[in-house]
2 protein chains.
Amino acid sequence: MKLKKRVAVCVLMSAVLVAVVVVLDVETRLSADPDQSPALASVRYAFHQRHLQRTGNASRELASSQLSAGAEDPNHQTSTPFPEDGSAHHHPSRPPDQPPDPYLDLHRLVASLGRKVERPHRIHWNPTIGELLGRDLRENSTLWDSFHLSISQDELYGAQDPTVNRLLKYMTTLPISHVSQTEGGTQIKLTIEFVDGGRALFKPMRYPREQETLKNQFYFTDFERHNAEIAAFHLDRLLGFRRAVPTVGRRVNVSRELFPLADHHLRSTFFFSPEHNHCFHGKCSYYCDTAHAICGDPDMLEGSFAIFLPDDTEVPRTRWRHPWRRSYSRRRRAQWETDSGYCELVKVIYPYSEGRRLLDLLDMAVLDFLMGNMDRHHYETFKMLGNNSAPVHLDHGRGFGKAHHDELSILAPLYQCCLLRHSTLATLLRYHKGPERLSDALRASLSTDPLSPVLWGPHLHAVDRRLAMVLAEVRKCVAKTNDPSKVIVHDSH
Amino acid sequence: MKLKKRVAVCVLMSAVLVAVVVVLDVETRLSADPDQSPALASVRYAFHQRHLQRTGNASRELASSQLSAGAEDPNHQTSTPFPEDGSAHHHPSRPPDQPPDPYLDLHRLVASLGRKVERPHRIHWNPTIGELLGRDLRENSTLWDSFHLSISQDELYGAQDPTVNRLLKYMTTLPISHVSQTEGGTQIKLTIEFVDGGRALFKPMRYPREQETLKNQFYFTDFERHNAEIAAFHLDRLLGFRRAVPTVGRRVNVSRELFPLADHHLRSTFFFSPEHNHCFHGKCSYYCDTAHAICGDPDMLEGSFAIFLPDDTEVPRTRWRHPWRRSYSRRRRAQWETDSGYCELVKVIYPYSEGRRLLDLLDMAVLDFLMGNMDRHHYETFKMLGNNSAPVHLDHGRGFGKAHHDELSILAPLYQCCLLRHSTLATLLRYHKGPERLSDALRASLSTDPLSPVLWGPHLHAVDRRLAMVLAEVRKCVAKTNDPSKVIVHDSH
């Protein structure tokens, strides 16, 4: 009887615990690989999130009371609930434009910290998907297979591997065999199938190059830009990350290459505009209608073609919620926006507590800040490459929206964690010093794209300006510490 | 037994007939005042509509086959289903810009036709709503009452009556007491209540003055323009129609004059944009969301204020479907677009078969063509003023969208019916001759509005250009007839 009671109580408590875990997990939408991420860490993270969001409600209430108060005192500008820098605790000063700071202190630091670890203490194993699948690259492998099988734990493609460039060039003329609308997301994307079986994700042009994010639009209501997708791939490669999906621009003929090859559902949404341009709008829950159609001019339409990653059924990926994700709400703010100690919470949570992951997020923050991308809500890793593999940089359509505004809050992971990869800082310093500045390198790299010029001039200018701002943040971090090797770090492998 | 059979057959046939009438009436959505419009005419009209639309299906099928064919032959421009002039049967030549044709032939014609009817053969009775309601205007009547009670069978306000100007001026500073979203329509409008009980319909600014209809937008997907509402009222008055709802521009403070006075539903949609502008989006089925919000700068918002007509419960109105209504579809075309003999069908149908109504539609066509308004789907009359009263010109938010395109199909009633009021033609000729051209008069009239300049320059220029095109159409009509008095006609009263 006593044993029975005990068992019953145990079962009941377990049930309650499981229910709590499930609820927390769903609510925080913390999607992590259950094989890799211990349940305990998940619970702890979820608890932190819930708990701190709850106690952080004061700020939310403040925001809504300010909204009401705004009506009575509309000129009280500082009371608006969205301070431009996105942080109540961090007020960085921007470096003056003239004369440019050479950041010699950081150069010296990078050089001295670089010497210390000249000899890696153990050999780093960097397996490829091909090796893990037991599939070798052969001479007659397609470029698609070659790209997929060469994806490694450290990077999507090798620095010296000519495959990606070949594949991108190949895609610009490869005949299309089938077109369908890609599921998911709020904006229309097409899955393009080529005659040789390869596939690409097509994002159509919606804006001319010089059209900036419309006034009063939030980062989450802005249209995506096809040219931002292309430019992000080049920028990521120039920074030495090689984690962004290879993407190339191409002009397609709506009447010849999309309409006749579109599947039934998509095809029914094609029409001619009053200006006789061939248009389509697809089917989705938001803005897939006549008023938001995508139109050729009259037939030709620019778009970005991103190579499909290996099929998710064969090489599954894990989708991770970005810890510095924004609220995607007009009124709510994310915890990191109000809590300057947020990084301390993240640091102790797996997988950010060990390995390369946190450093990868910091690289991602630098990449996003340079292009002004506030839309980094998730990222992915390949399951078979483990949790110490490089994340894939996906979805950059909301980058390069504002050329004259630098959204410093994108650097929150950097100024809250005070951490950056030694190699990343070295690369940034190299571009800052010149003679080839980052904008020069980006312009040269983008000039190879069929849609060149890919970026409007002021966006190139912005990249250099923002690079200096990243360096300024690193300098502040170094100034705060006695041990710069805690700020500028090497991967532990 | 025989009699019983006969009665049964009779009853059955009547039932079938009634059913057919109901179905046809519903399907064609011919909303006419049942008290005034004989059922027979309604049936005949509905029959014409159904019948001719059915036989006219060839063109619709042609359009959709062309849409498919477009994929195979995308460069075959002439096969697009939307010819710019909107008519397969009518190919007007535009008058050359230099030198301007003085249209002396029409001047002579108007003068000669005017002389013939110098003495009206009977006295015209023009009752006002006040007279019909038995309510006199008193010295202490409000401006609102004064405007409402003075609406007459012939016009919304008298040519010499100072009430409208006073009321418009009064509205620009009158404190607001309550704000709510107006039901109906696809775009957000607000009902503004003033402290003295008066009411106005508010349409907010969505576009800067010089923003033309976006490329690839249809007339039915274009945003409405507040300045078009204001300009339409002035243009209508200058043409001597006095049938457009008096409208004035005003800047409101979103934080002080809208947000705190908004009803509960509307108020919940207010927010601050990333640029700290105070915005709202209302609640409706289309585009009432964050991405389509209306924003102050940071608080101040321009809008048009149209005086409310008398309350519909007290002075009910009839809503009429416009016979030359467009299809509001990307693919379908209206019957009048493919049938050049369409006016012959309309002419024999009550209320177009007698009285002033058809002439009023022709005036409306001229007004709409001058401002490029393709969105005239319905019009209204006051029931108590009878069917021989002036229609009210409502909803001009889609006028003044394209300054460099003249949509000649708006003149279809004119070139299909070959009919125009003598007084309207005389007014057009006067403005065409100058010295005060229509654009001069419009500019001068609009300069009194608080939002002056109300129109972008090219729109003013377009008004003069289009006026000459109206005259060219009239001349063609005169050339086709032996009796010009059948083209340029006087009201029969």
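Proteins come first, then strands; the chains are lettered A, B, ... in the order of their sequence lines, and each starts at number 1.
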At a heavy-atom separation under 4.5 Å, does B:Asp297 approach chain A through its side chain, its backbone, both, or neither? side chain

Applying side-chain hydrogen bond (donor to acceptor under 3.5 Å, both in side chains), name anything that partners B:Arg398, two or more places apart in sequence or on another chain. B:Asp375

Nearest heavy-atom neighbours spanning B:Asn216 and A:Ser273: OD1-OG, 2.7 Å

Is the NE2 atom of A:His265 crowded by more than 12 outside heavy atoms at less than 6.0 Å? no

Do A:Thr221 and B:His292 have side chains that approach each other closer than 4.5 Å (heavy atoms only, starting at C-beta)? no

A:Phe218 versus B:Phe272, closest heavy-atom pair with distance: CZ-O, 3.4 Å

Any side-chain heavy-atom pair of B:Tyr287 and A:Asp289 under 4.5 Å: yes

Quick one: does A:Gln217's side chain have a donor or acceptor within less than 3.5 Å of a partner on B:Ala291's backbone? yes

side-chain contact (heavy atoms from CB on, under 4.5 Å) against B:Ser180, all qualifying residues, sequence neighbours excluded: B:His178, B:Thr191, B:Asp263

